[in-house]
Amino acid sequence: MSFFSTFALWLAANVVITSVLTGMFFVPDIAWSTAIWAIIIGSAIGAIPLALTGKIGTRTGLSTMVMTRAAFGQKGAILPSIVNTIILIGWSWIQAYLAGLSLNYAVSYATGYSNVVLFVILTQVLVVGITIYGHRGVESLEKYVSIGMLILSTVVFYKLFTTYDVTSLITMQLNANPELTTIIAFDIVVATAFSWMSTVCDFNRYAKDEKSGMAGTYFGYVLASLIAMGLGATVSGFSILTGMEQTYDPTLLLVAYGFGFVASIVVFLSVVSTNVMALYSASMSFMNVFSKISFWKPVAAIGIITVIGALLQEALMNNFFNFILLIATLFIPVFAIILVDFFIIKKGNYDADDIVSDRKGTYRYQNGFNLVAYTAYILGAVFAYYFTYMQPLFIGSTILTFFFSGAVYWIGMRVSNQIQQPVDQNADRSVNL
């Protein structure tokens, strides 16, 4: 992938209905201008470890969960693989339902026929069909979706800011008893960036070089977050000012601005593109545990599971933010450990061939498990859980969890005398699983 291909992929991946939904929930708990700053700063910070993780994929040519063997051990990588598969299935549930809503609106608008359940099923059937074609199918789809989303968002922003008074949006009255604070909104934005780290190497391993891969990932993700979450915050604010009822379906809000049908189609396609990426990565994670199975089999099986889960409908939306925070709890420690392991302990070198084959035993640790990594992961997950659910911090827990987990891992590796000399990386970057 060139810089443009990588940029387009990550732009399309995050200009998606769940990101719009996230921005919608920020207003009116916090001011619109404050929400925009939280989105900009949170995305700019969160995209740094995202791009760094992608760099590992480009350098080694390995998918994300296969790469975790280097830090967690050949057998130890099973845990993050299983967790990742479950998390991505959860994302697919939420997004498939929202895509079904959008497609249902479009068909109902054109023909009068309405059947949300049917369109949820059809959405995931399409997702499975595209995913079976592998990475090239994903890459081709993302280019066109990203262009469509850019055009739609530009037109919508123009329509909103030329039709309504921007000053009233900036000065609108906030909730008397807000559920979200500015710092929690910032924390959620950062956590959203971390939610993509489990998939980034699956796609960035195909980047032409590390610099273009990192730049495309960083700027594509940051711009996408600003567009999607900013659009959500803006539409939410204007909908309240005009007396409309807030809804988690942005398509219904855009009807009032004359973009209902077009928005429903583009939102549907954007969700399909993101779910294709999620299903692809979930299948790759599954194959890290069961490597001899054919690619199409987990794609089909997980696709069926996502259809069943998407039919939970309202239960999914009522727990949306809890789901995002759960991702932070489960995955931030994993990638804090990986980044410390690769850039600090292993000095930027992994033997990709040995990660796959285990011929030299470089990453075998204690019978295939790196107990230090597991200890750091458990302590990091407990830290995140406690300061997210039990004693929430006014500054949020995402960034603190990241540094805490990384520090525990580094100290553990030093104390256990497992700091190795950097491997001589002469591995074949074409080795892919």
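All of these numbers come straight from a predicted model, not from anything done at the bench.
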Original post:
Closest approach of Ala77 and Arg69, non-hydrogen atoms and distance?
Top reply: CB-CG, 3.5 Å
**OP:** Indicate yes or no: at least one non-hydrogen side-chain atom of Trp196 is less than 4.5 angstrom from one of Phe331.
**Re:** no
**OP:** May I ask you to decide if Lys297's main-chain N or O and Ser294's side chain share a donor-acceptor pair within less than 3.5 Å?
**Re:** no
**OP:** Looking only at non-hydrogen atoms, find the nearest pair between Glu210 and Lys55 and report the distance.
**Re:** OE1-CE, 3.1 Å
**OP:** Report yes if the side chains of Arg205 and Thr60 come closer than 4.5 Å at any heavy-atom pair, otherwise no.
**Re:** no
Original post:
Does the separation of the ring centres of Phe3 and Phe219 fall below 6.0 angstrom?
Top reply: no
Original post:
Got a sec, which residues hit ring pair (Phe, Tyr, Trp, His ring centres under 6.0 Å) with Phe404, two or more places apart in sequence or on another chain?
Top reply: Phe383
**OP:** Give the C-alpha distance, both sets of side-chain angles, the deciding distance and a yes or no for side-chain contact (heavy atoms from CB on, under 4.5 Å) between Ile345 and Gln418.
**Re:** CA-CA 9 Å; Ile345 294 178; Gln418 293 190 79; over 6 Å; no
Subject >> Distance in Å, Ile338 CD1 paired with Asp341 CG, rounded so as to fall on 0.5 Å steps >> reply: 8.0 Å
Subject >> Modelled atom types, side-chain donor and acceptor of Thr64 and Asp202, under 3.5 Å >> reply: yes
**OP:** State whether the side chain of Trp93 and the backbone N or O of Ile305 hold a donor-acceptor pair below 3.5 Å, judged by distance alone.
**Re:** yes
**OP:** For residues Ile188 and Phe25, determine if any side-chain heavy atom of one lies less than 4.5 Å from a side-chain heavy atom of the other.
**Re:** no
Original post:
Could you state the interatomic distance from CE (Met284) to CZ (Phe203), rounded to the nearest 0.5 Å?
Top reply: 9.0 Å
Subject >> Rounded distance [0.5 Å steps], OH in Tyr363 versus CG in Asp358 >> reply: 10.5 Å
Original post:
Can you tell if the side chain of Val222 reaches within under 4.5 Å of the side chain of Ile40, non-hydrogen atoms only?
Top reply: no
Subject >> Any residue meeting side-chain hydrogen bond (donor to acceptor under 3.5 Å, both in side chains) with Thr34, in chain and number order, not counting sequence neighbours >> reply: none
Original post:
Any side-chain heavy atom of Leu62 within less than 4.5 Å of one from Cys201?
Top reply: no
**OP:** Report the C-alpha separation of Tyr280 and Phe295 in whole Å, then their side-chain angles, then the decisive distance to 0.1 Å, and conclude whether the ring-ring contact (aromatic ring centres under 6.0 Å, His included) test is met.
**Re:** CA-CA 9 Å; Tyr280 178 84; Phe295 177 70; 5.7 Å; yes
**OP:** Give a yes or no answer on whether the side chain of Asn370 reaches the backbone of Gly73 with a donor-acceptor pair at less than 3.5 Å.
**Re:** no
Subject >> Thr362 versus Asp351, side-chain donor and acceptor atoms under 3.5 Å >> reply: no
Original post:
Side chains of Asn288 and Ser63: do they bring a donor and an acceptor to under 3.5 Å?
Top reply: no
**OP:** Could you go through the side-chain contact (heavy atoms from CB on, under 4.5 Å) check for Tyr218 and Leu50 one step at a time?
**Re:** CA-CA 8 Å; Tyr218 185 86; Leu50 178 67; over 6 Å; no
Original post:
Side chains of Tyr350 and Ile355: closer than 4.5 Å at any heavy-atom pair?
Top reply: yes
Original post:
Any donor-acceptor pair under 3.5 Å linking the side chain of Ser239 with the backbone of Ser236?
Top reply: yes
**OP:** Please test Tyr374 against Gln366 for side-chain contact (heavy atoms from CB on, under 4.5 Å), starting from the C-alpha separation and ending with a verdict.
**Re:** CA-CA 11 Å; Tyr374 264 66; Gln366 294 83 41; over 6 Å; no
Subject >> Which atom of Ser19 lies closest to which atom of Met229, heavy atoms considered >> reply: O-CG, 3.3 Å
Subject >> Side-chain ion pair, Asp353 and Lys360, N-O less than 4.0 Å >> reply: no
Subject >> Side-chain touch Phe26/Thr182, heavy atoms, less than 4.5 angstrom >> reply: no
**OP:** Flag the pair Phe402 / Phe194 as yes when their ring centroid distance falls below 6.0 Å, and as no otherwise.
**Re:** yes
**OP:** Give a yes or no on whether Phe369 atom CZ has more than 12 heavy-atom contacts from other residues, nucleotides or ligands under 6.0 Å away.
**Re:** yes
Original post:
Any side-chain heavy-atom pair from Ser212 and Thr6 closer than 4.5 angstrom?
Top reply: no
Original post:
Between Tyr409 and Phe72, is the gap from one ring center to the other below 6.0 Å?
Top reply: no
**OP:** Might you work through the side-chain hydrogen bond (donor to acceptor under 3.5 Å, both in side chains) test for Asn204 and Thr58, ending with a clear yes or no?
**Re:** CA-CA 6 Å; Asn204 281 34; Thr58 306; 4.9 Å; no
Subject >> Candidate pair Phe387 and Leu400, rule side-chain contact (heavy atoms from CB on, under 4.5 Å), full reasoning >> reply: CA-CA 10 Å; Phe387 289 111; Leu400 289 179; over 6 Å; no
Original post:
How close do Thr199 and Ser281 get, heavy atom to heavy atom, and via which atoms?
Top reply: CB-OG, 3.2 Å
**OP:** Answer yes or no: does atom CZ of Phe343 have more than 12 heavy-atom neighbours from other residues, nucleotides or ligands under 6.0 Å?
**Re:** yes
Original post:
Can you tell me how far the CE atom of Met172 sits from the CZ atom of Phe238, to the nearest 0.5 Å?
Top reply: 9.5 Å
Original post:
Which atoms form the tightest heavy-atom contact between Asp187 and Ile399, and what is the distance?
Top reply: OD1-N, 4.3 Å
Original post:
When rounded to the nearest 0.5 angstrom, what is the spacing between CG in Asp354 and CZ in Arg359?
Top reply: 7.5 Å
Subject >> Taking every non-hydrogen atom, the tightest pair across Ser283 and Val299 >> reply: OG-CG2, 3.3 Å
Original post:
Rounded to the nearest 0.5 Å, how far apart are CG of Asn84 and CZ of Phe286?
Top reply: 13.0 Å
